[in-house]
Amino acid sequence: MNYRSTRNNAVSVQSAKAIAQGLSSEGGLFVPESIPKLTKEDILALCDKSYPERAFDIFKLFLTDFTDDEIRHCVNGAYLKNFDSENVSEISHLLTGTYILELWHGPTCAFKDMALQILPYLLTCSAKKVIDGKKIAILVATSGDTGKAALEGFKDVEGTSITVFYPEDGVSDMQKRQMTTQEGSNVNVCAIKGNFDDCQNGVKAIFTNEELKKILDDMNITFSSANSINWGRLSPQIVYYVSAYASLIKDGEIEYGDKINVVVPTGNFGNILAAYYAKQMGIPINKLICASNANNVLTDFINTGVYDRNREFYTTVSPSMDILISSNLERLLYHLTDGDDKTISEWFGKLSKEGKYSVTPEVLGKIKADFYAGCCNDTETKAAIKEVFEEYSYLMDTHTAVAYKVYKDYKAETGDDTKTIVASTANPYKFGKAVYEALGQNPEGMDEFTIIEKLEAYTGTKMPAPLAATKDKKVRFSGSVGKLDMSDVVLNFLTK
């Protein structure tokens with residue numbers, strides 16, 4: 001299994017190179033040359049296996065240059081002890097045929113742990129194969145959850161350092177506290193005066209800055225990424241969709257061959273793209289439902305075929321989705337154009353220069369065959385939280401609520417009663433103020449932890465221990481810089 005660049009088909013590398021490098025040198029993303037298939041026997045065999053065993057079987061198909069022992073080392077290191085559930089993820093039932101796939105039982109209480117607990121193992125193993133002896137400087141742009149999950153995954157990992165950039169006013173109080181109190185001798189956190197897209201564009205610019213790369217090369221340092229532009233970040237997300245289908249069979253909720261829908265609250269398109277890959281591998285997924293907040297660029301694109309980021313940017317109560325440039329969409333379009341790297345380069349060149357591109361009617365037809373898209377605003381998001389808590393005594397975070405609301409709209413529009421998995425991407429206590437307000441309570445004048453105490457008392461639920469632990473931690477990182485100063489931040493950190 002080799003990997004090609006979405007912008008240059010002449011590039012063909014093994015998985016270790018793709019993971020260690022993160023991004024192709026011309027700015028393209030690495031994608032598998034072919035998507036491996038799971039047979040009925042393969043899927044049924046997964047039903048009685050643990051999550052690490054399921055992950056091993058999936059990774060063997062994608063990481064063909066890794067030995068079995070190396071893959072086992074990675075999956076066992078990530079999934080045997082770092083989650084508060086033996087199942088790693090959990091499936092909660094709402095009404096009949098609607099399941100909440102809880103992906104937030106890891107150390108930072110967000111779905112990013114599912115990938116970022118294993119990425120350090122994949123990256124260090126890859127580095128030994130292809131860049132042995134070099135140190136790795138990991139760069140991360142975050143809209144909230146990726147940053148903390150990456151910091152936690154890479155803290156004090158030998159041979160690595162990590163710098164995380166986040167939008168100064170674009171994350172929740174708890175997300176900010178999680179990042180700015182991060183422990184570890186090799187970590188750096190910096191707020192940017194701008195939004196997530198500014199952070200993401202800045203990181204991509206650093207990756208392609210030849211002058212900076214030469215400086216680091218002289219220091220025996222190479223860049224890599226922990227964002228989902230890195231195949232080592234994206235591929236672990238495929239596992240939990242395959243695993244969820246196997247669990248539903250095992251639990252008697254479905255039989256093999258029954259189709260399911262998957263609903264994903266979507267910002268950078270990585271999480272729902274992982275579900276698309278699972279479908280291409282043979283998991284019987286009917287519709288991939290892409291749920292957006294007020295930053296509904298993906299909704300418009302899937303419905304019209306026109307991607308236009310030239311629009312107002314909204315800061316919402318679901319900040320991890322406050323994104324107007326969805327990087328992983330490039331991978332999907334590469335597959336849907338049958339690997340037409342010239343067309344992909346043209347479209348994303350237009351996006352960079354003009355902020356807009358349009359796909360062909362043929363490609364749009366392929367998108368609509370697999371995807372449905374909808375969006376909702378903050379008022380609707382909060383109403384969904386209140387509705388689900390009052391009807392089912394289930395407390396959702398603001399991102400899961402977006403997915404739930406869009407799924408309700410989809411059902412009303414289509415009448416589709418296919419059993420459905422709703423991806424739940426974060427614990428509600430990461431967004432305590434917004435959740436408390438959603439339940440009709442007034443948080444005015446309260447600090448973050450007072451609100452959380454009130455939320456616990458009102459709902460009879462408990463804040464997870466990792467979040468509670470941040471209360472007494474010292475803030476290590478403060479202040480902010482302009483988006484043009486990001487490369488200086490990286491260089492100063494690496495040379496101090």
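Keep in mind it's a predicted model, so treat the numbers as computed, not measured. Atom set for the values below is all heavy atoms of this structure, side chains included, hydrogens, waters and symmetry mates excluded.
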query = More than 12 foreign heavy atoms under 6.0 Å from CD of E33: is that the case here?
reply = yes
query = Who pairs with Y372 by ring-ring contact (aromatic ring centres under 6.0 Å, His included), at least two apart in sequence or on another chain?
reply = Y410
G147 backbone acceptor or donor facing T142 side chain under 3.5 Å = yes
key: For D198, all residues meeting salt bridge (charged side-chain N to carboxylate O under 4.0 Å, His left out), sequence neighbours excluded   = K483
query = Do T425 and W104 meet the criterion of a side-chain donor-acceptor pair at a distance under 3.5 Å?
reply = no
note = By ring-ring contact (aromatic ring centres under 6.0 Å, His included), W231 pairs with (sequence neighbours left out) Y3, F62, Y277
query = Quick check: does any side chain N or O of D378 sit under 3.5 Å from a backbone N or O of V317, one acting as donor and the other as acceptor?
reply = yes
inquiry  = Do T420 and Y407 pair up side chain to side chain, a donor and an acceptor below 3.5 Å, judged on atom types alone?
reply    = yes
All side chain to side chain contact (heavy atoms under 4.5 Å, CB included) counterparts of E354, not counting sequence neighbours = K350
key: Any side-chain donor near an acceptor of the partner, T146 and K112, under 3.5 Å   = yes
ask   = Are Y357 and F348 near enough that their ring centres are under 6.0 Å apart?
value = yes
ask   = For the atom pair CD (E448) and NZ (K176), what is the distance rounded to the nearest 0.5 Å?
value = 10.5 Å
ask   = Is K214 atom NZ crowded by more than 12 heavy atoms from other residues, nucleotides or ligands, each under 6.0 Å away?
value = no
query = Any donor and acceptor pair, going by atom type alone, linking the side chain of Y245 with main-chain N or O of I285 inside 3.5 Å?
reply = no
Closest contact, heavy atoms only, G270 versus N328 = CA-ND2, 3.5 Å
ask   = How about S15 and F66: do any of their side-chain heavy atoms sit closer than 4.5 Å?
value = yes
request  = Could you tell me whether the side chain of Y241 and the main chain of I283 form a donor-acceptor pair under 3.5 Å?
outcome  = no
ask   = Aromatic ring centroids of H399 and F431 under 6.0 Å?
value = yes
Residues that F269 engages under ring-ring contact (aromatic ring centres under 6.0 Å, His included), provided they are two or more places apart = F371
task = Enter the distance from F207:CZ to S25:OG here, rounded to the nearest 0.5 Å.
result = 12.5 Å
ask   = Just by distance, do the side chain of D197 and the backbone of I323 share a donor-acceptor pair under 3.5 Å?
value = no
query = Would you say the side chains of N195 and Y314 form a donor-acceptor pair under 3.5 Å?
reply = no
query = Can any side-chain N or O of D156 pair as donor or acceptor with the backbone N or O of G184 at less than 3.5 Å?
reply = no
task = Just grab all the salt bridge (charged side-chain N to carboxylate O under 4.0 Å, His left out) pairs involving residues 227-243, residues at least two apart or on different chains.
result = none
ask   = Under 4.0 Å between a Lys/Arg side-chain N and an Asp/Glu carboxylate O for K405 and D409?
value = yes
ask   = With a 4.5 Å heavy-atom cut-off, do N295 and M321 have their side chains touching?
value = no
ask   = How close do V187 and L151 get, heavy atom to heavy atom, and via which atoms?
value = CB-CD2, 3.8 Å
query = Does any donor atom in the side chain of Q182 or K148 lie under 3.5 Å from an acceptor atom in the other side chain?
reply = yes
ask   = So with a 6.0 Å cut-off around NZ of K204, is the heavy-atom count from everything else above 12?
value = yes
Taking distance alone, no hydrogens or angles, what donor-acceptor pairs closer than 3.5 Å link side-chain atoms of residues 113-123 to residues at least two apart or in another chain?
residue	atom	partner	partner atom	Å
D113	OD1	T108	OG1	2.8
D113	OD2	T108	N	2.8
D113	OD2	T108	OG1	3.0
D113	OD2	C109	N	3.2
Q117	OE1	N82	ND2	2.9
Y121	OH	G77	O	3.4

inquiry  = Please check: side-chain N/O of R476 versus main-chain N/O of T181, any donor-acceptor pairing under 3.5 Å?
reply    = no
key: side chain to side chain contact (heavy atoms under 4.5 Å, CB included) partners for D340, two or more places apart   = T337, K342, T343
Any side-chain donor near an acceptor of the partner, S327 and Q200, under 3.5 Å = yes
ask   = Does NZ in K129 sit with more than 12 non-hydrogen atoms of other residues, nucleotides or ligands closer than 6.0 Å?
value = yes
query = Okay, side chain of N293, backbone of S318: is any donor-acceptor separation there less than 3.5 Å?
reply = yes
ask   = Under the 3.5 angstrom rule, does the side chain of N227 hit a backbone N or O of A141 as a donor-acceptor pair?
value = yes
request  = Quick one: closest heavy-atom pair of F30 and L23, and the distance?
outcome  = CE1-C, 3.8 Å
inquiry  = Under the criterion side chain to side chain contact (heavy atoms under 4.5 Å, CB included), I'd like the reasoning laid out for L38 against L61: C-alpha separation, chi angles, the key distance, then a yes or no.
reply    = CA-CA 10 Å; L38 295 170; L61 301 174; 3.8 Å; yes
request  = Examine distances only and state if a side-chain atom of N261 and a backbone atom of K287 form a donor-acceptor pair shorter than 3.5 Å.
outcome  = yes
query = If you draw a 6.0 Å radius around NZ in K366, do more than 12 non-hydrogen atoms from other residues or ligands fall strictly inside?
reply = yes
key: For R177, all residues meeting salt bridge (charged side-chain N to carboxylate O under 4.0 Å, His left out), sequence neighbours excluded   = none
key: N-O pairing of K279 and D370 below 4.0 Å   = yes
key: T360-E362 side chain donor-acceptor pair, cut-off 3.5 Å   = no
request  = Kindly state each residue pair satisfying salt bridge (charged side-chain N to carboxylate O under 4.0 Å, His left out) with at least one member in residues 313-333, sequence neighbours excluded.
outcome  = R7-E330
ask   = Does atom NZ of K134 have more than 12 heavy-atom neighbours, drawn from other residues, nucleotides or ligands, at distances under 6.0 Å?
value = yes
key: salt bridge (charged side-chain N to carboxylate O under 4.0 Å, His left out) against R311, all qualifying residues, sequence neighbours excluded   = D300
ask   = ring-ring contact (aromatic ring centres under 6.0 Å, His included) with Y99: which residues, sequence neighbours excluded?
value = H93
Salt-bridge contact K430-D145 (side-chain N to carboxylate O under 4.0 Å) = yes
